[in-house]
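Written below as structure tokens is the structure these notes are about.
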Amino acid sequence: MNKKLIAITLVLMLVTSGLFALDLSTLPTPTATLKATLGDYFHHGFVNGAEFEATKTVTNAFGSTAPSFDYGYETNATGPFYIKMAVSDFVNVTPNSTGTVKIKAISVSGSTPQWDNTEQKYTIFTIPASNTFTRNVTTITVTPALTTADTVDHLGETIPASETAAQAASGEYEATLTFSVSAS
Amino acid sequence: MRKLFAILLATCILLPLSAQELPRFPSASVRLVGVIQPRDLQISVYNEAGDMLTPEEAFMNFEFPALEEWDVERSLFFRYSSHLSSQRVGKLIFELTDVEMNEMNRLRTTLELTSEHRMTSVENGDTFRTTFLGGAQDDVPIGKLTVRIRKRAEDVFSAGNYSGAFSINYTEGS
């Protein structure tokens, strides 16, 4: 045997001897890690069964019972963020007609909601930083100024008699309440 | 130089964090719809006692005194109620006949219209031109109509019942 052959044989023996020296008891346990990402979601709107609808129309707003509706949200997102409600007066939408009917009061589940003077909106819900999953629904009631005895609106401003349903021009009136989500 | 590079790198890494915004969720809106039913224009006539006259009762009684000269007058008061969607201009035009028993016995009548209501003006002496306001209006004064009958000393009339008529026409528009 020449020297080259001896050297190659030694190297092979050194390499393969490691395999035979393997201790099976020290092998790590194989683990399969399943990874999935759950994205943030946020659904809000007007309650219709289990669903939230983005738009709603409530009629007979000047009836003897103040109009109300259920609004809610469902989210797994962490806050803080806020659901706020902008409110417009009732405006006469009849062609060639003008007129306004003020809103006397707004209540959320029977209480007066917090007014954000900067944004000119009501804060309806606050989603905290610790939020995991939340589903909240509340009933919002809007009371229009129906008679001249309704002299102060929901913001504490004086209501002229001409801006009550008793004295405003006849026609169809609409008020819009818009719910939006903001970070502050 | 290294420090500057490190600061720039840190800024680049942190920038996306600070620029992170709340996802834009679509807003939801509710429309509240209410209707104020219109009530058409209704003109009411009242006598001097403040009683509202129906069309059947809308007559004026004059009693002429047994004097050589006399001047009698009776007044009617006009008001309106409505709930219009917008203001409307209308005219009440009065026409008055003389009061007579027969051709030989005819008393001249004069008509006088006055109004203190800011939305009413008197035109041609026989017309109320009124702007009927939108919104609920209840018993809003239009004006006062006075019919005057005068007898001068030289006038000679037979005793008896005299009658005449006045009519009211309503037209819309200016």
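Convention: sequence-line order gives letters A, B, ...; per-chain numbering from 1.
- In the displayed structure, Glu119(A) atom CD is contacted under 6.0 Å by more than 12 heavy atoms of other residues, nucleotides or ligands.
- The neighbour count for Glu68(B) CD, taken as heavy atoms of other residues, nucleotides or ligands under 6.0 Å away, does not exceed 12.
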Set out, in order, the CA-CA distance, both residues' side-chain angles and the distance that settles side chain to side chain contact (heavy atoms under 4.5 Å, CB included) for Phe46(A) and Val30(B), then state yes or no.
CA-CA 8 Å; Phe46(A) 308 101; Val30(B) 58; 3.6 Å; yes
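- Ranked by non-hydrogen atom pairs under 4.5 Å with chain B, the options Ala175(A), Ser180(A), Ser97(A) are led by Ala175(A).
- The environment of Glu48(B) atom CD is dense: over 12 non-hydrogen atoms of other residues, nucleotides or ligands sit within 6.0 angstrom.
- A 6.0 Å sphere centred on CZ of Arg150(B) holds no more than 12 heavy atoms belonging to other residues, nucleotides or ligands.
- One N or O on the side chain of Ser170(A) and one on the backbone of Ser85(B) form a donor-acceptor pair closer than 3.5 Å.
- Counting heavy-atom pairs closer than 4.5 Å to chain A, the top residue among Ser27(B), Ser29(B), Gly135(B) is Ser29(B).
- Contacts between Ser162(A) and chain B at a heavy-atom distance below 4.5 Å are absent for every atom of the residue.
- Rounding to the nearest 0.5 Å places CD of Gln137(B) at 7.0 Å from CD of Gln167(A).
- Of the residues considered (Val142(A), Leu177(A), Thr176(A), Thr94(A)), Leu177(A) shows the highest number of contacts with chain B, using heavy-atom pairs under 4.5 Å.
- Separation of atoms CG (Leu32(B)) and OG1 (Thr59(A)) is listed at 10.0 Å; rounding is to 0.5 Å.
- Around the CZ atom of Arg39(B), the shell of radius 6.0 Å holds more than 12 heavy atoms that belong to other residues, nucleotides or ligands.
- Hydrophobic clustering (ILVMFWY, side-chain heavy atoms < 4.5 Å, transitive): Tyr170(B) and Val122(B) are in one cluster.
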Determine, step by step, whether Arg31(B) and Val58(A) satisfy the side chain to side chain contact (heavy atoms under 4.5 Å, CB included) criterion, reporting the C-alpha distance in whole Å, the side-chain angles of both residues, the deciding distance to 0.1 Å, and the verdict.
CA-CA 6 Å; Arg31(B) 276 189 327 137; Val58(A) 179; over 6 Å; no
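- Ranked by heavy-atom pairs under 4.5 Å with chain B, the first of Ala54(A), Gly171(A), Ala166(A) is Gly171(A).
- Taking the side chain as every heavy atom from C-beta outward, Ile36(B) and Val101(A) approach each other to under 4.5 Å.
- In this structure, Asn96(A) places its CG atom where only 12 or fewer heavy-atom neighbours from other residues, nucleotides or ligands lie under 6.0 Å away.
- Glu154(B) CD: more than 12 foreign heavy atoms inside a 6.0 Å radius.
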